[in-house]
Engineer: 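One structure, as structure tokens, below. Some questions next.
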Amino acid sequence: MDIIEGGIAAVAAGFSGWAAFAAMKAAKSADRNSQTANRTADLAFRTAESVAQIERDRWHRELTPKVDFRVTEERSYVELLIRYGGPSALGRLTSLELRVRDDRDRSHDPVLGAGPTAEERADTIFGPYRFQYSANGADEVGRSVAPISLPPGEECRLALEPTRPPQYYGLGAEHWARRWRDADLRLWVDCHVDGHKPWNLTAEVPQPHGESPSGRWTSAS
């Protein structure tokens, strides 16, 4: 009888060990399946986010405001004419911010002993025109004006005036004027519309030399 009971106990212990082993394998398998499912879900989420971002960027590009410029002397003085052509789905430009760009970036130029300081360079517009001081909210340097708001299909005018040589420029006003006689008016064009990321564009607007005083249109891009 003891032998039989011992055998039964051994068999029971064997089944118990097998059951524990099977349960452990099942738990590991379930854990692996759970991890795989989590990785798959995370990959699907990141893929969906990437596709959505690509679509948002594409839509943002398609809605890029069409802003055109021309330098005109048709009223016997120099003006910058601005035209906003939509798209109509975008609606009103909440804020159009314009800044005159130099002919090149001088912010990293070395400061030499007898040369202009970084501040003096920043206060000089290296180009043919600046915004007329005190008109349209222009700053003292003439680099920027107050923001403009325009609905599609509308135009506005901003007064311009020739730039002046800084005090450290040793070649005189006539040389300065000749230097920029054929240069484009270069602009930073920042467009803001409620509910959208801003569009940071540029434009290079030719002077109306050899053409009618009205000049020709140039689009920001």
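Counting from 1, the numbers follow the sequence of the chain as shown. The analysis underlying the following values was restricted to heavy atoms, covering all of them including side chains, and did not include hydrogens, waters or symmetry mates.
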Engineer: What is the distance from atom SG of C156 to atom CD1 of I82, rounded to the nearest 0.5 Å?
Structural biologist: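 Between atom SG of C156 and atom CD1 of I82 there are 4.0 Å.
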Engineer: Is a donor on one side and an acceptor on the other found under 3.5 Å between the side chain of H192 and the backbone of L96?
Structural biologist: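 No: the side chain of H192 does not pair with the backbone of L96.
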Engineer: With sequence neighbours excluded, tell me which residues meet ring-ring contact (aromatic ring centres under 6.0 Å, His included) with H196.
Structural biologist: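 H196: ring-ring contact (aromatic ring centres under 6.0 Å, His included) contacts with W199.
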Engineer: Taking all heavy atoms of C191 and all of P65, pick out the closest pair and write down the distance.
Structural biologist: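 Closest approach of C191 to P65: CB-CG, 3.8 Å.
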Engineer: Are S221 and L201 close enough that some pair of their side-chain heavy atoms sits under 4.5 Å apart?
Structural biologist: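 Not in contact.
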Engineer: Apply side chain to side chain donor-acceptor pair (under 3.5 Å) to E62 and list each qualifying residue two or more places apart in sequence or on a separate chain.
Structural biologist: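 Only R58 meet the side chain to side chain donor-acceptor pair (under 3.5 Å) criterion with E62.
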Engineer: Should D184 and R101 count as an ion pair when the cut-off is N to O under 4.0 Å?
Structural biologist: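 Looking at D184 and R101, the cut-off is not met.
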Engineer: For D139, which residues count as a side chain to side chain donor-acceptor pair (under 3.5 Å) partner, sequence neighbours excluded?
Structural biologist: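 Side chain to side chain donor-acceptor pair (under 3.5 Å) check on D139 returns S144.
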Engineer: Below 4.5 Å, heavy atoms only, C-beta onward: do V189 and T202 meet side chain to side chain?
Structural biologist: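 Not touching, per the 4.5 Å side-chain cut-off.
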Engineer: Under the side-chain hydrogen bond (donor to acceptor under 3.5 Å, both in side chains) rule, what do Y129 and Q207 come out as? Steps first, then yes or no, please.
Structural biologist: CA-CA 10 Å; Y129 296 115; Q207 300 188 51; 3.1 Å; yes
Engineer: Report yes or no: is the cationic atom of R106 (NZ for Lys, CZ for Arg) closer than 6.0 Å to the six-membered ring centre of F126, at no more than 45° off its axis?
Structural biologist: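 Relative to the ring axis of F126, which defines the angle, R106 lies inside both limits.
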Engineer: Is there a path of hydrophobic side-chain contacts, each under 4.5 Å between heavy atoms of I, L, V, M, F, W or Y residues, that connects Y133 with I125?
Structural biologist: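 No, Y133 does not connect to I125 through the hydrophobic network.
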Engineer: Which atom pair, heavy atoms only, marks the closest approach of L80 to L98?
Structural biologist: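 Heavy-atom minimum between the residues: CD2-CD1, 4.4 Å.
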Engineer: May I ask you to decide if T117's main-chain N or O and E120's side chain share a donor-acceptor pair within less than 3.5 Å?
Structural biologist: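 Looks like yes, one N/O pair under 3.5 Å.
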Engineer: Restricting to side-chain contact (heavy atoms from CB on, under 4.5 Å), what partner residues turn up for A135, sequence neighbours left out?
Structural biologist: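 Per chain and number, A135 pairs via side-chain contact (heavy atoms from CB on, under 4.5 Å) with Q132, A159.
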Engineer: With the 4.5 Å side-chain cut-off for hydrophobic clustering, are W188 and L160 part of the same group?
Structural biologist: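 Different clusters.
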Engineer: Under the 3.5 angstrom rule, does the side chain of S149 hit a backbone N or O of S95 as a donor-acceptor pair?
Structural biologist: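 Not a single qualifying donor-acceptor pair exists.
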Engineer: Taking C-beta and beyond as the side chain, do Y84 and E154 meet within less than 4.5 Å on heavy atoms?
Structural biologist: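 No - every pair of side-chain heavy atoms lies 4.5 Å or more apart.
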Engineer: Determine whether L81 and E155 make a side-chain contact, defined as any pair of heavy atoms from C-beta on separated by less than 4.5 Å.
Structural biologist: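 L81 reaches E155 side chain to side chain.
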Engineer: By the side chain to side chain donor-acceptor pair (under 3.5 Å) test, which pairs, at least two apart or in different chains, include something from residues 162-177?
Structural biologist: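 Every pair satisfying side chain to side chain donor-acceptor pair (under 3.5 Å) with a residue in residues 162-177: T124-Y168, T163-W176, Y169-H175.
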Engineer: Distance check, rounded to the nearest 0.5 Å: K66 atom NZ versus S88 atom OG?
Structural biologist: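 If I round to the nearest 0.5 Å, the distance is 13.5 Å.
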Engineer: Quick one: does any side-chain atom of R99 pair with a main-chain N or O of R143 as donor and acceptor, under 3.5 Å?
Structural biologist: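 No, because the side chain of R99 does not come within donor-acceptor range (under 3.5 Å) of the backbone of R143.
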Engineer: Distance check, rounded to the nearest 0.5 Å: L187 atom CG versus F69 atom CZ?
Structural biologist: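 Reported value, rounded in 0.5 Å steps: 5.5 Å.
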Engineer: Atom CG in L93, atom CD1 in I148: separation rounded to 0.5 Å?
Structural biologist: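 Here the rounded value is 9.5 Å.
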Engineer: Are the side chains of R121 and D109 in touch, meaning some heavy atoms are under 4.5 Å apart?
Structural biologist: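 A side-chain contact under 4.5 Å exists here.
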Engineer: From N200 CG over to E97 CD, what is the distance, rounded to the nearest 0.5 angstrom?
Structural biologist: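 The distance works out to 9.0 Å.
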Engineer: Which residue pairs pass the salt bridge (Lys or Arg N to Asp or Glu O under 4.0 Å) test with at least one member in residues 76-92, sequence neighbours excluded?
Structural biologist: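 Sorted pair list: D68-R83, R75-E79, E79-R157.
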Engineer: Where do R186 and D103 come nearest, in terms of heavy atoms and distance?
Structural biologist: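 Closest pair (atom of R186, atom of D103, distance): NH1-O, 3.2 Å.
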Engineer: Do R216 and V71 have side chains that get closer than 4.5 Å, going by heavy atoms?
Structural biologist: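 Sidechains of V71 and R216: no contact.
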Engineer: How many angstroms lie between CG in D194 and OG1 in T94, if you round to the nearest 0.5 Å?
Structural biologist: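 Atom-to-atom, D194:CG and T94:OG1 are 3.5 Å apart.
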